[in-house]
2 protein chains.
Amino acid sequence: MRTTKILKARGRPRAFDMEDALAKAQALFRARGYDALSVADLTEAIGINPPSFYSAFGSKSALYGQVLQRYAELEGIDLEGPFAAGVSLAEGVRRLLRQAATNYGAGNGTGCMVIEGARGGVDAEACRQARRLLDQTHDMVHAGVSRHAPEQAEMVTDYVMATLSGLSASARNGLSGERLLRIADIASGQLAQELADEIEEKQP
Amino acid sequence: MRTTKILKARGRPRAFDMEDALAKAQALFRARGYDALSVADLTEAIGINPPSFYSAFGSKSALYGQVLQRYAELEGIDLEGPFAAGVSLAEGVRRLLRQAATNYGAGNGTGCMVIEGARGGVDAEACRQARRLLDQTHDMVHAGVSRHAPEQAEMVTDYVMATLSGLSASARNGLSGERLLRIADIASGQLAQELADEIEEKQP
DNA sequence: ATATTTTTGTAGTGCGCATTACAAAATCCA
DNA sequence: TGGATTTTGTAATGCGCACTACAAAAATAT
């Protein structure tokens with residue numbers, strides 16, 4: 001709708017494009033992380049001065065939160081499809097991990113913004129903001145796994161989240177999309193075997 | 001030997017214990033990372049003033065390098081045993097990952113100091129120092145794997161390094177040693193399956 | 001036209017950081 | 001005892017950071 005922008009618009013109009021600014025901030029935060037990116041870096045990249053920055057975004061931390069949300073919406077991986085009805089758990093995990101590998105590999109060595117942000121550094125509040133999103137991801141994976149294998153949900157979720165972290169770290173270490181996909185394939189193949197063994201034990 | 005300390009010792013003697021100071025610095029750097037730990041934090045923890053700090057360690061970065069080395073020697077995982085003769089590749093990887101899980105879990109939510117340090121943040125030089133050690137680890141894993149399966153060495157090494165990163169991240173997320181071990185078991189089981197499949201394909 | 005509202009540019013603010021100048025103190029060597 | 005050497009404590013230094021005071025500028029509302 002954007003009624004705010006079109007219908008009203010009192011006062012002096014903004015001299016820069018908001019979407020462009022958010023896109024640039026997202027790319028910078030994703031590449032360098034919260035702590036290593038200064039407000040001066042941001043204002044220079046956007047092409048504005050500090051007062052415009054604070055008037056538009058409130059604070060560095062607030063912009064980071066907005067950008068994290070934007071990243072999750074625009075570039076986050078699909079957590080519903082892989083656990084939909086008609087897809088086995090092993091196959092769902094395989095799809096999830098392959099999707100992550102492709103996604104992280106396409107980021108040009110940046111990995112996942114949420115996972116890397118949640119690892120934290122100097123600013124505790126920024127870390128918390130990323131953690132909130134990562135916790136949401138964790139809960140959605142847990143919910144999806146629970147529908148197939150409630151008793152092993154914690155174990156499988158632990159494994160999936162650890163593998164996502166490993167993929168993101170490997171992406172940041174410069175691994176190609178192909179090599180990331182190979183990691184995802186090994187990781188998901190192993191899980192199929194593990195799940196098959198468990199079923200065997202319970203239904204001999 | 002410590003000849004330097006006992007035989008010579010000109011000038012005013014040091015008023016603090018060097019080993020204690022290094023141990024404290026190691027614990028702090030491991031828990032908080034390089035950027036989030038200030039020299040003021042360090043001097044306060046050790047119980048000295050800045051001039052003593054710089055006289056003893058040179059700089060924050062130099063102390064970090066020394067402490068990283070110390071960590072690798074004292075708490076690093078064994079990269080030789082798992083790839084020794086008489087141990088299959090799958091079993092070697094299983095031992096390596098279980099060792100890492102136990103090690104990272106014992107760190108009280110700190111994960112691996114080298115892996116986390118290499119992820120970087122604000123200070124590029126500190127990141128490079130950790131990276132150097134992580135590259136050494138990578139090369140040793142690669143060499144160990146190569147002796148068993150030279151053609152798949154890159155793939156297996158990628159997988160092992162990614163899993164180590166995932167375990168370290170999971171440890172920092174607060175997972176218990178038990179849950180980390182379960183992740184390590186699934187991950188090593190998955191690789192064993194993959195390796196078995198490859199052999200099947202080549203010797204049908 | 002005038003008042004109102006919002007953004008803009010210039011030029012700062014205070015704070016925490018790693019690091020250091022300096023002189024007194026504590027040891028060894030002659 | 002006196003000179004050499006190193007560490008110590010006090011107290012700074014300069015720098016980069018997130019953030020802001022202020023007034024001019026650019027739009028709408030009446």
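Within every chain, numbering begins at 1; the chains are lettered A, B, ... in the order of the sequence lines, protein sequences first and strands thereafter. As a basis for the values below, the full set of heavy atoms in this structure was taken, side chains included, without hydrogen atoms, waters or symmetry mates.
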Can you measure [X] atom [atom1] to [N] atom [atom2] for me and round it to whole angstrom units?
X: A:Asp41; N: D:dG16; atom1: CG; atom2: C1'; value: 11 Å
X: B:Ile46; N: D:dG9; atom1: CD1; atom2: P; value: 13 Å
X: A:Tyr34; N: D:dC17; atom1: OH; atom2: C1'; value: 11 Å
X: A:Glu44; N: D:dG16; atom1: CD; atom2: P; value: 14 Å
X: A:Met18; N: C:dT6; atom1: CE; atom2: C1'; value: 14 Å
X: B:Asn49; N: C:dT20; atom1: CG; atom2: C1'; value: 13 Å

Side chain of [X], heavy atoms from C-beta onward: which of [options] has the nearest atom to it?
X: A:Val39; options: D:dT8, D:dA18, C:dT19; answer: D:dA18
X: B:Arg12; options: C:dT8, C:dA24, C:dT19; answer: C:dA24
X: B:Pro51; options: D:dT10, D:dC19, C:dT10; answer: D:dT10
X: B:Arg14; options: C:dT27, C:dT10, D:dT7; answer: D:dT7
X: B:Ser55; options: C:dT8, D:dT7, D:dC19; answer: D:dT7
X: B:Pro50; options: C:dA25, D:dA11, D:dT20; answer: D:dA11

B:Tyr159 OH to B:Ser188 OG distance, which is reported to the nearest 0.5 Å: 7.5 Å
Looking at every strand, decide which applies to B:Phe57 at a 4.0 Å heavy-atom threshold: base, sugar-phosphate, or nothing. nothing
Reckon B:Leu37 touches a base, only the sugar-phosphate, or nothing at all at heavy-atom distances under 4.0 Å? sugar-phosphate
Side chains of A:Ser38 and A:Asp41 only: does a donor on one sit below 3.5 Å from an acceptor on the other? yes
Modelled atom types, side-chain donor and acceptor of A:Asn173 and A:Ser170, under 3.5 Å: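 Distance-only check fails for A:Asn173 and A:Ser170.
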Check whether any side-chain N or O of B:Tyr54 sits under 4.0 Å from OP1 or OP2 of C:dT19, and answer yes or no. yes
Does B:Arg10 make a side-chain N or O approach to OP1 or OP2 of C:dT27 shorter than 4.0 Å?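 B:Arg10 to C:dT27 OP1/OP2: no side-chain N or O under 4.0 Å.
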Is the shortest side-chain N to carboxylate O distance from A:Asp185 to A:Arg98 below 4.0 Å?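 Result for this pair is yes, salt bridge flagged.
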Between A:Phe53 and B:Gly58, the residue closer to the 5' end of DNA chain C by nearest nucleotide is A:Phe53
Judged by each residue's nearest nucleotide on DNA chain C, which is more toward the 5′ side, A:Ala56 or B:Ser61?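 Mapping each residue to its closest nucleotide by heavy atoms, the 5'-most match is A:Ala56.
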Given A:Glu19, which of A:Arg14, A:Lys24, A:Arg70 fulfils the salt bridge (charged side-chain N to carboxylate O under 4.0 Å, His left out) condition?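 Of the listed residues A:Arg14, A:Lys24, A:Arg70, the salt bridge (charged side-chain N to carboxylate O under 4.0 Å, His left out) partner of A:Glu19 is A:Arg70.
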Hey, which sits more toward the 5' end of DNA chain D by its nearest nucleotide, A:Ser38 or B:Ser52? B:Ser52
